[in-house]
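Here is the structure we will look at.
Chain A is the first sequence line, chain B the second, and so forth, proteins listed ahead of strands; every chain is numbered from 1. Heavy-atom basis, side chains included; hydrogens, waters and symmetry copies ignored. Note that this is a predicted model, so its numbers are computed, not measured.
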Amino acid sequence: MPEGHTLHRLARSHRERFAGRVVRVSSPQGRFAAGAALVDGRLLDDVTAYGKHLFAWFGDRVVHGHLGLYGKFTSGVGAAPPPRGALRMRWETDDAWTDLRGATACEVLSPDEVELIVARLGPDPLVARPDGGPAFDRLHRSRVAVGALLMDQRVIAGIGNVYRAEVLYRQLLSPFRQGRDVTAAEWEPLWTDVVTAMRAGLRSGRIVTTRPEDRPRRSGRVRQEDAHYVYRREGLPCRRCGTPVSRQVMATRNLFWCRTCQAR
DNA sequence: GCAAAATGTCAAG
DNA sequence: TTGACCTTTTGCA
């Protein structure tokens, strides 16, 4: 589920429910038991996100979460339900709770260790005044395909497989172009579009990248099958030219693109 | 009702 | 490059 917009929404909702409160932290599954004990009963100062990483600041101890492919938070108000299954981490106050399951990372770090994580990431398009410069610096020195570079969190933090495919399509750019062959004139609208698309996802909570004029129904709620240009549309006609959408693994994930519109 | 795949990352070899 | 993580959804019987 999680690309960067999901994590920023999660940080916001956790901040609203839990920041400024004393939180009971536990690990019914046991795997995070030692970490939970380090922050249990502490005041939670803030919850922040950078790229796909989540940070919960309990004074000088920070719970770092990364959802990976399966990770999920489930939240509610009132008393928490009896723990079921592999429940890695639970937060509870007198009137709210949240459960974390299936995460790739759930650990307690020092603020310095948080700095190290953020330092190795590229710019996050969802911060207040995003600067794509460092991303272009990396990209335009690389012989790696732009479709792979966009997935690299050291280049841009928070992009995932859906935004990679959709943004390249919207820019009519071939995923196979080497990074160093992407000109500044091409990069500028690409980066702007990344910021635009991910901000829309942050607002709405879902990834809708198609423009209204490219959807069969132009009013009302966007149907899921109309939300994307190419992502998971292998074999279906390109909305622009009718060519069947292609699929191939790139950077360990299924890449979707239109070989006609994205020949450039 | 079950198998496979899914918006991700890292360690082992 | 492969397996592990170990949840939820989707697609096929």
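Note: CG (A:Leu87) to C1' (C:dC5) measures 16 Å, nearest angstrom. Here the P atom of nucleotide C:dC5 and the CZ atom of A:Phe32 are 19 Å apart, to the nearest Å. Summarising the geometry, the separation between CG on A:Leu150 and C1' on B:dT7 is reported as 15 Å, rounded to the nearest angstrom. The CD-C1' distance, from A:Glu3 to B:dT7, rounds to 5 Å in whole Å. Note: CG (A:Asp99) to P (C:dT7) measures 12 Å, nearest angstrom. Atom CG in A:Leu69 sits about 9 Å away from atom C1' in B:dT9, given to the nearest Å. As rounded to whole Å, 13 Å separates atom C1' of C:dT10 from atom CD of A:Gln224. What separates CE of A:Met89 from C1' of C:dC5 is a distance of 16 Å, to the nearest Å.
When the side-chain nitrogen and oxygen atoms of A:Lys52 are compared with OP1 and OP2 of B:dT7, none of them lie within a distance under 4.0 Å. Contact annotation: A:Arg88 side-chain N/O to C:dC6 OP1/OP2 distance is under 4.0 Å. Within the structure, every side-chain polar atom (N or O) of A:Arg253 is placed at least 4.0 Å from both OP1 and OP2 of B:dT9. Between A:Gln153 and the phosphate of B:dG8, there is no side-chain N or O to OP1/OP2 separation shorter than 4.0 Å.
Rounded to the nearest Å, the gap between the P atom of B:dC2 and that of C:dC6 is 22 Å. Annotation: C:dA4 and B:dA4 have their P atoms spaced 16 Å apart (nearest Å). Taking the P atom of each, C:dT2 and B:dA5 are spaced 15 Å apart, rounded to whole Å.
Non-hydrogen atoms lying under 4.0 Å from DNA chain B are contributed by A:Gly160, A:Asn161, A:Val162, all within residues 154-172 of chain A.
At the heavy-atom level, A:Arg120 lies under 4.0 Å from the strands shown only through sugar-phosphate atoms. Contact annotation for A:Arg31: backbone-only contact, meaning every heavy-atom pair under 4.0 Å involves sugar-phosphate atoms and none involves a base.
For the pair A:Asp99 (side chain) and A:Thr74 (backbone), a donor-acceptor distance under 3.5 Å is absent.
Put simply, the residue from A:Tyr50, A:Phe55, A:Trp57 that forms a ring pair (Phe, Tyr, Trp, His ring centres under 6.0 Å) with A:His64 is A:Phe55.
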Please walk me through it: do A:His14 and A:Leu54 pass side chain to side chain contact (heavy atoms under 4.5 Å, CB included)?
-> CA-CA 10 Å; A:His14 282 181; A:Leu54 193 70; 4.2 Å; yes
Residues A:Asp193, A:Arg170; criterion salt bridge (Lys or Arg N to Asp or Glu O under 4.0 Å); working and verdict = CA-CA 8 Å; A:Asp193 203 27; A:Arg170 290 185 3 160; 2.5 Å; yes
From CA spacing to verdict: salt bridge (Lys or Arg N to Asp or Glu O under 4.0 Å), A:Asp40, A:Arg24 | CA-CA 5 Å; A:Asp40 184 30; A:Arg24 299 194 294 280; over 6 Å; no
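For A:Gln29 against A:Ala86, the heavy-atom pair with the smallest separation is NE2-CB, 3.8 Å.
Taking every side-chain heavy atom of A:Tyr231 into account, B:dT7 is the closest of B:dG8, C:dT7, B:dT7. The nucleotide whose nearest atom lies closest to any side-chain atom of A:Tyr70 is, among B:dA6, B:dT7, B:dT9, B:dA6.
Between A:Gln29 and A:Arg232, it is A:Gln29 whose nearest contact on DNA chain C lies nearer the 5' terminus.
Residues forming a side chain to side chain donor-acceptor pair (under 3.5 Å) with A:Arg17 (at least two apart in sequence, or on another chain): none.
Under the 4.5 Å side-chain criterion, counting only non-hydrogen atoms from C-beta, A:Lys52 is not in contact with A:Leu67.
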